[in-house]
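Report on the structure given below.
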Amino acid sequence: MSVTRFRFPFVEMPAEATQLRQEVREFLAEERANGGYTPMADCWAGGLSAEFSHKLGQRGWLGMTWDKQYGGHGRSFLERYVVTEEMLAAGAPVMAHWIADRQSGPQIIKNAAPEVRDAIIPRIVAGECFCAIGMSEPGTGSDLASVSTRAEKVEGGWKVNGTKLWSTGAHGPGCDYMITLLRTSPLDTSARHKGLSQFLIPLKSEGVDVRGIADIGGQVHFNETNFEDVFVPDSHVLGEVGGGWNMVVGELALERSGPERFLSTFIVLQEAMRLLVNNPTDQTKEVLGQVVAKIKTLRRMSLGIAGLLQEGSSPEMEAALVKDMSTNFERELLEKLRRILPQNVLYSSAGLLPTLLREGVLRVPSSTLRGGTNEVLKGMIARQLGIR
Ligand SMILES: Cc1cc2nc3c(=O)[nH]c(=O)nc-3n(C[C@H](O)[C@H](O)[C@H](O)COP(=O)(O)OP(=O)(O)OC[C@H]3O[C@@H](n4cnc5c(N)ncnc54)[C@H](O)[C@@H]3O)c2cc1C
């Protein structure tokens, strides 16, 4: 049996990252004090503020790792890690730019036509243009190769028909594009991953209809997007026609690898600790000790992934492992906190901690689904270990 090891290199934060952390903390403290935002749980998937994203763009905190020749800032993955980690820990409203900064920008830089890339990347870096992901469909989630939304070749471009589902943020102001996985040739059941292509579809195109879907808590953050005879020019095909599958695999590595997978509910823990550290019971000490130890471990692994990205690797398997462990931890964290928090917090509807807890409890079930379910990730991990 051949066993491929997972790599989580030890990463030391460089001095410039420490200084940057201080700057980010000062910015966040000032914003919060001035009413620029109210902390929320799961802020990267629910805190929509184009204005806040624009401010980050002005600070140089979007497109940080992208090459300067394309309009990025040419900084390290560790520096980007510091910014994302601090934003998440503060519960800041970072949803508007999150997808574009995390995965769409890198795809566009690598695969878009130069004139398209040059028109879009500087706008993403400035926090003026955002993107959505169009992979899932009504009948397609885990088994992505079964997408049926299709693009047919027409004069000068492609005609797109079909429906994408759960597209996070597609309804938001400034969300101008969806990177969309489409079938460009009929399904061949013996080679299901062939005949798929990625398109950069302008969401303002004629024939695109984005409709919000409310989640269990009544919040609209994802959508159903219908495409009816939508014309997409040839220039908006990403990479090679038919090469969509490999692109999606690379994109999912970026989607799964960041600190948002274990820090979505960190703000709840932080606020809870302010209360719980006063006269803690033995049970409280034990629970807090356990969760802090787990966060430390997950962070160490997650930083290792940032190190792999820095060296140019595509850490798909490491990302799958960390996402599986992290999202399980997020669920466990809230369950544990509910056991040790006082009744007046658990049953209150007012105040920051009860609000954060409610947001966390309502949103955390989605963490083991979005970006690939944990069952699917476990299948990938088992294959990597050679036991499946
Ligand atoms: C909050 C949220 C945001 C999202 N945002 C986006 C987005 O922006 N863009 C986008 O394209 N999609 C998005 N999604 C969709 C998400 O990627 C899918 O929900 C996910 O991939 C699962 O697909 P599905 O819902 O169709 O479930 P299914 O694939 O139908 O799975 C149903 C169940 O079967 C299990 N299962 C399926 N296949 C296997 C297998 N091979 N082995 C073991 N178990 C299996 C799954 O684990 C799951 O429990 C989002 C989802 C959520 C919850």
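Whatever order the structure lists them in is the order used to number ligands and atoms, beginning at 1.
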Q.
Quick check on the hydrophobic clustering: are Phe231 and Leu203 connected, directly or via other members, by side-chain heavy-atom contacts under 4.5 Å?
A. no
Q: Just jot down the side chain to side chain contact (heavy atoms under 4.5 Å, CB included) partners of Met325, sequence neighbours excluded, or say none.
A: Leu298, Met301, Leu321
Q | Donor + acceptor pair across side chains of Asn223, Thr225 (<3.5 Å) | A | no
Q. Does a donor on one side chain and an acceptor on the other come within less than 3.5 Å for Glu224 and Trp166?
A. no
Q | Side-chain H-bond candidate by donor/acceptor type, Thr281 with Gln283, under 3.5 Å | A | no
Q | Donor-acceptor pair between Asp215 and Gln219 side chains, under 3.5 angstrom | A | no
Could you tell me, for ligand 1, which of its N or O atoms are under 3.5 Å from any protein N or O, listing the pairs and their distances rounded to 0.1 Å?
{"residue": "ligand 1", "atom": "5 (N)", "partner": "Trp166", "partner atom": "O", "Å": "2.8"}
{"residue": "ligand 1", "atom": "5 (N)", "partner": "Thr168", "partner atom": "OG1", "Å": "2.8"}
{"residue": "ligand 1", "atom": "8 (O)", "partner": "Trp166", "partner atom": "O", "Å": "3.2"}
{"residue": "ligand 1", "atom": "8 (O)", "partner": "Thr168", "partner atom": "N", "Å": "2.9"}
{"residue": "ligand 1", "atom": "8 (O)", "partner": "Thr168", "partner atom": "OG1", "Å": "3.2"}
{"residue": "ligand 1", "atom": "9 (N)", "partner": "Ile133", "partner atom": "O", "Å": "3.0"}
{"residue": "ligand 1", "atom": "11 (O)", "partner": "Met135", "partner atom": "N", "Å": "2.9"}
{"residue": "ligand 1", "atom": "11 (O)", "partner": "Ser136", "partner atom": "N", "Å": "2.7"}
{"residue": "ligand 1", "atom": "11 (O)", "partner": "Ser136", "partner atom": "OG", "Å": "3.2"}
{"residue": "ligand 1", "atom": "12 (N)", "partner": "Ser136", "partner atom": "OG", "Å": "2.8"}
{"residue": "ligand 1", "atom": "23 (O)", "partner": "Ser142", "partner atom": "N", "Å": "3.4"}
{"residue": "ligand 1", "atom": "29 (O)", "partner": "Ser142", "partner atom": "N", "Å": "2.9"}
{"residue": "ligand 1", "atom": "29 (O)", "partner": "Ser142", "partner atom": "OG", "Å": "2.6"}
{"residue": "ligand 1", "atom": "47 (O)", "partner": "Thr373", "partner atom": "OG1", "Å": "2.6"}
{"residue": "ligand 1", "atom": "47 (O)", "partner": "Glu375", "partner atom": "OE1", "Å": "2.6"}

